[in-house]
Peer 1: 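Submitted below is the structure of interest, expressed as structure tokens.
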Amino acid sequence: MCSFCGFSPDQSSCNALFCVLVDAGACNAAKSLLDCPGFTPEPASLEDYIQCLSRAGMVEDAVDMLKRASFCPSVATWNASILGCLRAGRTDLIWTLYEQMTESGVVVSINVETVGYLIMAFCAENKVLKGYELLRELLENGLHPDNVVFNALIRGFCKERQYARVSEILHIMIAKQCNPDIFTYQEIINGLLKRKNSEGFRVFNDLKDRGYFPDRVMYTTVIKGLCEMGWTGEARKLGFEMIKKGFQPNEYTYNVMMHGYFKIGDLVAARKIFEDMCGRGYAGTTVSYSTMISGLCLHGKTDEAQSLFEEMFQKGIIRDLITYNSLINGLCKKGELVKATKLLNELLAQGLEPSVFSFNPLIKGLCEEGDTQGAIRLWKDMCDRHLEPTASTHDYIITGLCKEGNSLQGMEWLLNIPRWKLKPHEQTFEYLINSLSQEDRLDDILVVLDIIFRIGYRLNESTIHSLVSKFCRDSFHFPDLWLEKILERN
DNA sequence: ATAGGGTTAG
């Protein structure tokens, strides 16, 4: 008997039902029908089923079906599965699929769609160069992929700041008559502006001169980039231009501008935008409030930020992790650690999952206040939640320990940072060396110096002077090799 | 497919 339909249907009814379910995109129902004893769907409907699974994001099931397939799947089915994996971010599965596909006798290299997906998979794994090599192979075979694939490569090369490659791809696109579209330009402008490269703005203006019409998203993107580069004036002009072209700024645009004004410290203008947003009904969102709160905190207006935080509660606007983190950070900067701790507890009580940014400001504050042991307790709490401390977290604690005369513990902390993890700040080492030196821990200094050299840091001149004189005064054997290293590096 | 808020230390 079938657990799905409750009776034992014959093979052909099962098949008909299976087809209907697959057509309707009801993957789960179709899946349970497969458990029907003795039911073997026809290859054609199985292929449809695999494609259906892939589209629905059930990629593991799709890959599993392909693995067990007793028939030879069509290229369309392979492609659908690969695309599904790409969308689900499971590039790992793509490589197994690719292998199987080759084994089953498909000549992948001449299949533009498949190769395109593989290129995008490489890009998603930050192996853009490998994707580029595949592109070259395609071109050698007289083929070229879709714009989407070119755009992915451009995005990848922008990320790697390989701008020569970016322009090379643009030229290939034009040569192959795949005219760069609005998305292509968006990748370039985004890719450049995100990296604070003014070239992005030039490309944008060039694009307008050539008759492309930027849309609202594009305007917002460029305005954001300009704000990040500190070109708030240009950003404002662009805002007006956008309105003149008939695009009303929406909550994204407003938010980006607000952020920009906070960045240059123009609180009046930022508040004005917030009011304008209110007037248009855009301001009542978690994001707009968070922007206000973080911006106000950035300029020490913690009280105003706190009242906005309260206002959110009264208006029933959800306060999310970023809202909490913004205010926690602001309060800590002002030394209001008790309030900040209360907020952290509130965040946890709300069932929100904290992030490193929830803990870091508090750890920093506690260390500065002289309660490094309290900071270490928080650090442990953070690690118990499987949050990875940042390099600066270590900096706060090591410096804090040194300040409290615990330079030995500071050194132990340093030694406990796993090798492969982020390295502490150069200044932290300086601090540690000076503290150890004050406590006459010459052996320990040698240990720390060894780490400094291995990382490739250099020491401050005054630190070197005091170290050398200290070692000489105490007629301590200072290894010649290290003396050489110090001198050679400074 | 496309856009927004939390990161150091100066």
Side-chain angles (χ1 to χ4, degrees), chain A residues 83 86-87 120 123-124 146-152 154-155 181-191 193-194 214-228 235 238-239 242 247 249-263 270 273-274 277 282-283 285-298 305 308-309 312 317-333 340 343-344 347 352-364 368 387-396 399 422-428:
Chain A
L83 177 60
L86 193 62
R87 291 209 170 122
M120 289 199 281
C123 292
D146 193 72
N147 266 18
V148 186
V149 178
F150 282 117
N151 293 350
I154 286 179
R155 187 187 321 140
D181 53 24
I182 200 91
F183 300 113
T184 314
Y185 283 102
Q186 197 153 295
E187 289 300 350
I188 296 171
I189 290 164
N190 232 336
L193 288 177
K194 250 187 208 148
D215 61 2
R216 179 158 69 179
V217 178
M218 184 82 126
Y219 271 110
T220 308
T221 308
V222 177
I223 289 174
K224 177 178 193 270
L226 291 172
C227 286
E228 266 167 18
L238 214 54
M242 175 180 164
F247 299 110
N250 63 3
E251 51 177 317
Y252 289 89
T253 325
Y254 277 125
N255 206 57
V256 158
M257 283 301 290
M258 201 158 64
H259 204 242
Y261 281 123
F262 274 126
K263 201 177 170 248
I273 293 205
F274 189 65
M277 283 177 89
Y282 285 136
T285 66
T286 306
V287 175
S288 63
Y289 269 87
S290 298
T291 307
M292 277 301 280
I293 290 173
S294 69
L296 288 167
C297 285
L298 184 66
L308 280 180
F309 191 75
M312 288 178 84
I317 300 164
I318 290 171
R319 302 185 285 201
D320 69 4
L321 177 65
I322 296 181
T323 324
Y324 274 98
N325 286 354
S326 306
L327 192 53
I328 289 176
N329 189 29
L331 288 168
C332 287
K333 268 196 194 135
L343 270 184
L344 176 63
L347 180 160
L352 287 170
E353 202 63 51
S355 66
V356 203
F357 309 132
S358 321
F359 287 92
N360 253 358
L362 267 165
I363 291 178
K364 181 176 185 234
E368 282 169 356
L387 293 173
E388 289 258 333
T390 60
S392 50
T393 322
H394 294 298
D395 286 315
Y396 305 143
T399 314
L422 295 162
K423 53 187 185 183
H425 237 235
E426 205 160 0
Q427 246 187 341
T428 306

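Because the structure is a prediction, the values reported are computed rather than measured. A note on names: the letters A, B, ... follow the listed sequences, proteins ahead of strands, and every chain is numbered from 1.
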Peer 1: For A/Y254 and A/Y282, take the angle between the two ring planes, folded into 0 to 90°, and tell me which bin it lands in: parallel under 30, tilted 30 to 60, perpendicular over 60.
Peer 2: tilted
Peer 1: Using a cut-off of 4.0 Å on non-hydrogen atoms, how would the nucleic acid contact of A/D395 be classed: base, sugar-phosphate, or nothing?
Peer 2: nothing
Peer 1: Do A/S290 and B/dG5 share a donor-acceptor pair, side chain to base, under 3.5 Å?
Peer 2: yes
Peer 1: Atom CG of A/N329 to atom C1' of B/dG5: distance rounded to whole Å?
Peer 2: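 Going from CG in A/N329 over to C1' in B/dG5 covers 13 Å.
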Peer 1: Which part of the nucleic acid, if any, lies within contact of A/S358, taking any heavy atom under 4.0 Å across all strands shown: a base, the sugar-phosphate backbone alone, or nothing?
Peer 2: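 No contact at all - A/S358 keeps every heavy atom at 4.0 Å or more from the nucleic acid.
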Peer 1: I would like to know whether A/S392 and A/D395 meet side-chain hydrogen bond (donor to acceptor under 3.5 Å, both in side chains); could you show each step before the answer?
Peer 2: CA-CA 5 Å; A/S392 50; A/D395 286 315; 5.5 Å; no
Peer 1: Between A/M218 and A/I189, is a side-chain contact (heavy atoms from CB on, under 4.5 Å) present by the stated rule, with each step listed?
Peer 2: CA-CA 9 Å; A/M218 184 82 126; A/I189 290 164; 3.9 Å; yes
Peer 1: Counting only distance, no hydrogens or angles, is the base of B/dG5 paired donor-acceptor with the side chain of A/N325 under 3.5 Å?
Peer 2: no
Peer 1: Write out a two-atom table: protein N or O, nucleotide N or O from nucleotides 1-3 of chain B, distance below 3.5 Å.
Peer 2:
from: B/dA3; atom 1: N1; to: A/N250; atom 2: ND2; distance (Å): 2.7

Peer 1: For the residue pair A/N255 and A/T291, confirm or rule out a side-chain donor-acceptor distance under 3.5 Å.
Peer 2: yes
Peer 1: Could you label the plane-to-plane angle of the A/F274 and A/Y289 rings as parallel, tilted or perpendicular, counting under 30° as parallel and over 60° as perpendicular?
Peer 2: perpendicular
Peer 1: In whole Å, what is the span from the CG atom of A/L308 to the C1' atom of B/dG5?
Peer 2: 13 Å
Peer 1: Rounded to whole Å, how long is the line connecting atom CD1 of A/I293 with atom P of B/dT7?
Peer 2: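 My rounded result for the distance is 13 Å.
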Peer 1: Are OP1 or OP2 of B/dT7 and a side-chain N or O of A/K364 less than 4.0 angstrom apart?
Peer 2: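 No, no such contact exists.
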Peer 1: Answer with base, sugar-phosphate or nothing: what part of the nucleic acid does A/N360 contact at a heavy-atom distance below 4.0 Å?
Peer 2: nothing
Peer 1: Can you tell me the distance, in whole Å, between the CD atom of A/E368 and the C1' atom of B/dT8?
Peer 2: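 It works out to 12 Å between those atoms.
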Peer 1: Any side-chain N or O of A/Y396 under 4.0 Å from OP1/OP2 of B/dA9?
Peer 2: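 For B/dA9, OP1 or OP2 has a side-chain N or O of A/Y396 closer than 4.0 Å.
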Peer 1: Holding to salt bridge (Lys or Arg N to Asp or Glu O under 4.0 Å), I want the full list of residues that pass it with A/E251, two or more places apart in sequence or in another chain.
Peer 2: none
Peer 1: Answer yes if the side chains of A/T393 and A/N360 hold a donor-acceptor pair under 3.5 Å, and no otherwise.
Peer 2: yes
Peer 1: Calculate the interatomic distance between A/Y261 atom OH and B/dG4 atom P; express it in whole Å.
Peer 2: 18 Å
